[in-house]
Amino acid sequence: MERPTTAAEAVAVQERLRPLVRTDRPLPPVRTAAGLDVAYFPGSDRLVAAVTVLDVETLSTVDSRAVRGTADFPYLPGLFAFREAPSLLRALDGLTTSPDVLVCDGQGLAHPRRFGLACHLGVLTGLPSIGVGKTALGRYDPPGEERGATSPLLLDGEVLGRALRTRRGVKPVFVSVGHRCDLDSACELVLRLAPHHRLPETTRTADRLGRDLS
DNA sequence: GCGACAG
DNA sequence: ATCTTGTCGC
């Protein structure tokens, strides 16, 4: 991936890659889904990028990879991908198998320039991708309390994702399309991946893997 | 000056 | 993201 030095350069990269995002078709059939997450060493820019690949039927882990690295870009809202994507791409390269979809820890189209981490990783790998954020970027009304309830996630007056209740009475997650996917199939998959907990099993296993090594 | 601000 | 105790609930 390209590695800009300044915020202005990073924005330019996003503007150039943005037209490559495809969201006009539903997610192709999915057998395996990858979870991606990054854990940091306390008080430093050292990190562990972790990827786990799960069988979506059994939710068992069929492949995984973790790599150590550094955050070579500061954390700036809207430029999050430049901090974590380089290491995550190295982790993906180390996998034995190629997952059918990437489930990313962050936003996809729900982004000031419509190019969040999930779009970024999707375009650079060519793989379908979905963004699942723990906090919203944009505004939303609380979805119904029951599991599976959704409400639109709005940014700049545009529907860019959905608040999705994966567990009754628990704060929703925020789903947006990354690449080669539509919002309906993205939410459907996230719900399948999160039968018991708030977050999908993909991000839970990746989070654990990275945390254990940091 | 004030509020917003993925991880 | 990470720093942090106890507490309520399944």
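In what follows, chains carry the letters A, B, and so on, assigned in the order in which the sequence lines appear, proteins first and then strands, with residues in each chain numbered from 1.
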The side-chain contact (heavy atoms from CB on, under 4.5 Å) partners of A/Glu145 (sequence neighbours excluded) come to A/Arg165
ring-ring contact (aromatic ring centres under 6.0 Å, His included) pairs touching residues 25-56 of chain A, sequence neighbours excluded, are none
To the nearest 0.5 Å, atom CZ of A/Arg83 lies from atom CG of A/Asp72 at 9.5 Å
On a heavy-atom basis, the closest approach of A/Asp37 and A/Leu88 is O-CD2, 3.8 Å
Between the protein and nucleotides 7-10 of chain C, which nitrogen or oxygen pairs are less than 3.5 angstrom apart?
none

Checklist entry - Thinking salt bridges, do A/Glu201 and A/Arg204 make one under a 4.0 Å N-O criterion? => result yes
Stems in DNA chain C, runs of 3 or more consecutive Watson-Crick or G-U wobble pairs with both distances under 3.5 Å, sorted by first number, are none
Stems of at least 3 consecutive Watson-Crick or G-U wobble pairs (donor-acceptor distances under 3.5 Å) involving DNA chain B, listed by first number, are none
Please walk me through it: do A/His111 and A/Leu155 pass side-chain contact (heavy atoms from CB on, under 4.5 Å)?
CA-CA 8 Å; A/His111 176 276; A/Leu155 188 59; 5.7 Å; no
Step by step, work out the side-chain contact (heavy atoms from CB on, under 4.5 Å) result for A/Leu36 and A/Leu92.
CA-CA 9 Å; A/Leu36 302 86; A/Leu92 284 169; 3.9 Å; yes
Can you list the steps and then say if A/Leu47 with A/Ser87 is a side-chain contact (heavy atoms from CB on, under 4.5 Å)? CA-CA 9 Å; A/Leu47 57 77; A/Ser87 297; 3.5 Å; yes
Margin query: Whether the side chain of A/Ser129 engages the backbone of A/Ala118 through a donor-acceptor N/O pair (distance < 3.5 Å, no angle test) should be reported.
Written below: yes
Quick tally for nucleotides 2-7 of chain B: nucleotides whose base has a protein heavy atom under 4.0 Å get B, sugar-phosphate-only ones S, the rest -, giving ---BBB
The reported gap from CG in A/Leu164 to OG in A/Ser176 (rounded to nearest 0.5 angstrom) is 12.0 Å
- request: Apply side-chain contact (heavy atoms from CB on, under 4.5 Å) to A/Arg68 and A/Arg90, showing your working.
  value: CA-CA 10 Å; A/Arg68 299 181 57 149; A/Arg90 282 197 295 118; over 6 Å; no
**Item:** Under 3.5 Å donor-acceptor, A/Ser185 side chain and A/Cys181 backbone
**Value:** no
